[in-house]
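Comments concern the structure below.
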Amino acid sequence: MTSRHIRTFLLGLAALLPVWALAHTGLDGGAHHARGFVAGLLHPLTGADHLGAMLSVGLWSALTARRLWVTPLAFVSMLLVGALIGLAGLRLPAVEPMIAASLLVLGLLVATRTHAPAALAAALVGLFAVFHGVAHGSELAGDASIWPTLAGMLLCTAALHITGLGLGLALRSRSPWWPRLAGGAVSTLGGALLMQLA
(Lines give C-alpha, C1' and ligand atoms only; values in the text may rest on other atoms or scores of the structure.)
Protein backbone atom coordinates (compact mmCIF):
# COMPACT_ATOMS: atom_id res chain seq x y z
CA MET A 1 0.00 0.00 0.00
CA THR A 2 1.50 3.33 -1.03
CA SER A 3 1.54 6.42 1.17
CA ARG A 4 -1.06 7.95 -1.17
CA HIS A 5 -3.40 5.02 -0.55
CA ILE A 6 -2.83 5.24 3.19
CA ARG A 7 -3.64 8.99 3.20
CA THR A 8 -6.78 8.34 1.15
CA PHE A 9 -7.83 5.55 3.50
CA LEU A 10 -7.27 7.75 6.57
CA LEU A 11 -9.26 10.58 4.99
CA GLY A 12 -12.09 8.13 4.40
CA LEU A 13 -11.98 6.98 8.00
CA ALA A 14 -12.03 10.58 9.21
CA ALA A 15 -15.05 11.26 7.00
CA LEU A 16 -16.88 8.36 8.65
CA LEU A 17 -16.24 9.55 12.23
CA PRO A 18 -19.72 11.03 12.64
CA VAL A 19 -21.26 7.60 12.14
CA TRP A 20 -19.12 6.05 14.84
CA ALA A 21 -19.64 8.78 17.42
CA LEU A 22 -22.43 8.56 19.98
CA ALA A 23 -25.39 10.93 19.74
CA HIS A 24 -25.85 11.64 23.47
CA THR A 25 -27.33 8.25 24.17
CA GLY A 26 -25.94 8.25 27.68
CA LEU A 27 -22.96 6.17 26.65
CA ASP A 28 -20.63 9.14 26.96
CA GLY A 29 -20.67 8.77 30.74
CA GLY A 30 -22.66 11.97 31.17
CA ALA A 31 -19.81 14.07 29.78
CA HIS A 32 -22.28 16.22 27.88
CA HIS A 33 -23.61 17.50 31.22
CA ALA A 34 -20.19 18.53 32.58
CA ARG A 35 -19.37 22.23 32.97
CA GLY A 36 -16.31 24.45 32.53
CA PHE A 37 -14.05 25.44 29.64
CA VAL A 38 -12.54 21.98 29.08
CA ALA A 39 -15.97 20.32 29.25
CA GLY A 40 -17.27 22.85 26.73
CA LEU A 41 -14.27 22.22 24.52
CA LEU A 42 -14.92 18.47 24.57
CA HIS A 43 -18.71 18.69 24.33
CA PRO A 44 -19.03 18.87 20.51
CA LEU A 45 -16.87 15.74 20.29
CA THR A 46 -19.22 13.66 22.47
CA GLY A 47 -22.06 13.18 20.01
CA ALA A 48 -22.60 12.41 16.36
CA ASP A 49 -25.18 15.18 16.10
CA HIS A 50 -22.59 17.86 16.92
CA LEU A 51 -19.67 16.24 15.17
CA GLY A 52 -21.58 15.47 11.98
CA ALA A 53 -23.14 18.91 11.62
CA MET A 54 -19.99 20.87 12.36
CA LEU A 55 -17.71 18.82 10.11
CA SER A 56 -20.32 18.93 7.35
CA VAL A 57 -20.47 22.73 7.40
CA GLY A 58 -16.72 22.88 6.78
CA LEU A 59 -16.83 20.09 4.17
CA TRP A 60 -19.68 21.70 2.24
CA SER A 61 -17.98 25.07 2.27
CA ALA A 62 -14.66 23.65 1.07
CA LEU A 63 -16.30 21.62 -1.69
CA THR A 64 -18.54 24.33 -3.10
CA ALA A 65 -17.89 27.89 -1.84
CA ARG A 66 -15.57 30.56 -3.18
CA ARG A 67 -15.41 32.28 0.22
CA LEU A 68 -14.71 29.32 2.49
CA TRP A 69 -15.22 31.18 5.77
CA VAL A 70 -18.80 32.42 5.20
CA THR A 71 -20.84 29.37 6.24
CA PRO A 72 -18.58 28.35 9.17
CA LEU A 73 -18.68 31.91 10.52
CA ALA A 74 -22.47 31.98 10.14
CA PHE A 75 -22.76 28.70 12.04
CA VAL A 76 -20.55 29.80 14.95
CA SER A 77 -22.29 33.19 15.19
CA MET A 78 -25.80 31.77 15.13
CA LEU A 79 -24.81 28.96 17.51
CA LEU A 80 -23.99 31.70 20.01
CA VAL A 81 -27.32 33.44 19.30
CA GLY A 82 -29.17 30.16 19.82
CA ALA A 83 -27.29 29.47 23.05
CA LEU A 84 -28.24 32.92 24.37
CA ILE A 85 -31.88 32.21 23.46
CA GLY A 86 -31.69 28.94 25.40
CA LEU A 87 -29.97 30.61 28.35
CA ALA A 88 -32.77 33.19 28.45
CA GLY A 89 -35.24 30.35 28.92
CA LEU A 90 -36.95 30.87 25.57
CA ARG A 91 -38.16 27.70 23.89
CA LEU A 92 -38.24 26.89 20.20
CA PRO A 93 -40.45 24.10 18.86
CA ALA A 94 -38.94 20.89 17.49
CA VAL A 95 -35.35 21.51 18.59
CA GLU A 96 -34.28 17.85 18.43
CA PRO A 97 -36.00 17.16 15.08
CA MET A 98 -34.36 20.28 13.61
CA ILE A 99 -30.94 19.11 14.81
CA ALA A 100 -31.55 15.73 13.16
CA ALA A 101 -32.83 17.48 10.02
CA SER A 102 -29.66 19.58 9.94
CA LEU A 103 -27.61 16.39 9.67
CA LEU A 104 -29.85 15.04 6.93
CA VAL A 105 -29.74 18.25 4.88
CA LEU A 106 -26.07 19.10 5.43
CA GLY A 107 -25.06 15.54 4.60
CA LEU A 108 -27.02 15.69 1.36
CA LEU A 109 -25.45 19.05 0.49
CA VAL A 110 -21.99 17.55 0.98
CA ALA A 111 -22.81 14.36 -0.93
CA THR A 112 -24.25 16.23 -3.91
CA ARG A 113 -21.80 19.15 -3.75
CA THR A 114 -24.73 21.49 -4.09
CA HIS A 115 -23.65 25.06 -4.82
CA ALA A 116 -25.62 27.88 -3.19
CA PRO A 117 -25.14 31.65 -3.07
CA ALA A 118 -23.12 32.65 -0.01
CA ALA A 119 -26.07 34.46 1.62
CA LEU A 120 -28.39 31.46 1.18
CA ALA A 121 -25.76 29.01 2.47
CA ALA A 122 -25.10 31.23 5.50
CA ALA A 123 -28.83 31.58 6.21
CA LEU A 124 -29.39 27.83 6.00
CA VAL A 125 -26.52 26.84 8.29
CA GLY A 126 -27.36 29.77 10.56
CA LEU A 127 -30.92 28.49 10.97
CA PHE A 128 -29.66 25.03 11.89
CA ALA A 129 -27.06 26.53 14.24
CA VAL A 130 -29.76 28.38 16.19
CA PHE A 131 -31.40 25.06 17.06
CA HIS A 132 -28.06 23.49 18.01
CA GLY A 133 -27.38 26.56 20.16
CA VAL A 134 -30.78 26.51 21.86
CA ALA A 135 -30.15 22.89 22.86
CA HIS A 136 -26.79 23.88 24.39
CA GLY A 137 -28.14 27.00 26.07
CA SER A 138 -31.05 25.11 27.62
CA GLU A 139 -28.62 22.56 29.07
CA LEU A 140 -26.47 25.34 30.57
CA ALA A 141 -29.24 27.59 31.92
CA GLY A 142 -28.86 28.39 35.60
CA ASP A 143 -25.28 27.14 35.86
CA ALA A 144 -22.55 29.33 37.34
CA SER A 145 -19.93 28.27 34.78
CA ILE A 146 -21.97 29.12 31.69
CA TRP A 147 -19.47 31.40 29.97
CA PRO A 148 -16.35 29.22 30.16
CA THR A 149 -18.39 26.22 28.98
CA LEU A 150 -19.91 28.19 26.12
CA ALA A 151 -16.50 29.60 25.13
CA GLY A 152 -15.10 26.06 24.97
CA MET A 153 -18.03 24.90 22.82
CA LEU A 154 -17.60 27.78 20.39
CA LEU A 155 -13.86 27.22 20.12
CA CYS A 156 -14.30 23.50 19.45
CA THR A 157 -17.06 24.25 16.93
CA ALA A 158 -14.70 26.55 15.03
CA ALA A 159 -11.97 23.89 15.19
CA LEU A 160 -14.36 21.27 13.77
CA HIS A 161 -15.31 23.65 10.96
CA ILE A 162 -11.62 24.14 10.18
CA THR A 163 -11.14 20.36 10.24
CA GLY A 164 -14.08 19.97 7.86
CA LEU A 165 -12.59 22.65 5.60
CA GLY A 166 -9.28 20.80 5.58
CA LEU A 167 -10.94 17.50 4.76
CA GLY A 168 -13.04 19.15 2.06
CA LEU A 169 -10.02 20.80 0.45
CA ALA A 170 -8.20 17.46 0.48
CA LEU A 171 -11.20 15.62 -0.97
CA ARG A 172 -11.96 18.25 -3.63
CA SER A 173 -9.31 17.00 -6.00
CA ARG A 174 -9.79 13.31 -5.26
CA SER A 175 -12.45 10.89 -6.34
CA PRO A 176 -15.97 12.34 -6.01
CA TRP A 177 -16.91 9.23 -4.06
CA TRP A 178 -15.19 10.36 -0.85
CA PRO A 179 -17.47 13.42 -0.37
CA ARG A 180 -20.46 11.29 -1.37
CA LEU A 181 -19.49 8.72 1.22
CA ALA A 182 -18.95 11.34 3.94
CA GLY A 183 -22.16 13.22 3.13
CA GLY A 184 -24.12 10.00 2.82
CA ALA A 185 -22.93 8.87 6.25
CA VAL A 186 -24.00 12.16 7.87
CA SER A 187 -27.38 12.27 6.11
CA THR A 188 -28.02 8.62 7.03
CA LEU A 189 -27.33 9.47 10.65
CA GLY A 190 -29.72 12.43 10.42
CA GLY A 191 -32.43 10.24 8.91
CA ALA A 192 -31.95 7.61 11.61
CA LEU A 193 -32.20 10.24 14.35
CA LEU A 194 -35.37 11.64 12.76
CA MET A 195 -36.94 8.17 12.68
CA GLN A 196 -35.92 7.64 16.30
CA LEU A 197 -37.66 10.90 17.27
CA ALA A 198 -40.85 10.11 15.33
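Throughout, residue positions are numbered sequentially from 1 according to the sequence presented.
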Under the side chain to side chain contact (heavy atoms under 4.5 Å, CB included) rule, collect the residues that match up with [X], sequence neighbours excluded.
X      : result
Ala116 : Trp60, Leu120, Ala121
Val38  : Leu42
Ala118 : Arg67, Val70
Ala83  : Leu150

Run the side-chain donor-acceptor check on residues 106-113: report pairs under 3.5 Å with partners two or more places apart or on a different chain.
unit_1, atom_1, unit_2, atom_2, d
Thr112, OG1, Leu108, O, 2.7
Thr112, OG1, Thr114, OG1, 2.5

Residue pairs involving [range] (criterion side chain to side chain donor-acceptor pair (under 3.5 Å); sequence neighbours excluded):
range            : result
residues 120-133 : Ser102-His132
residues 180-189 : none
residues 70-87   : Ser61-Thr71

(request) Using the test side chain to side chain donor-acceptor pair (under 3.5 Å), find all partners of His161 that sit at least two apart in sequence or belong to another chain. (result) none
(message) For Ser56, give me all partners under side chain to side chain donor-acceptor pair (under 3.5 Å), at least two apart in sequence or on another chain.
(response) none
Return a table of donor-acceptor pairs under 3.5 angstrom between the side chains of residues 90-98 and protein atoms on other chains or two or more places apart.
none

(message) Under the ring pair (Phe, Tyr, Trp, His ring centres under 6.0 Å) definition, can you give me all pairs with a residue in residues 85-116, not counting sequence neighbours?
(response) none
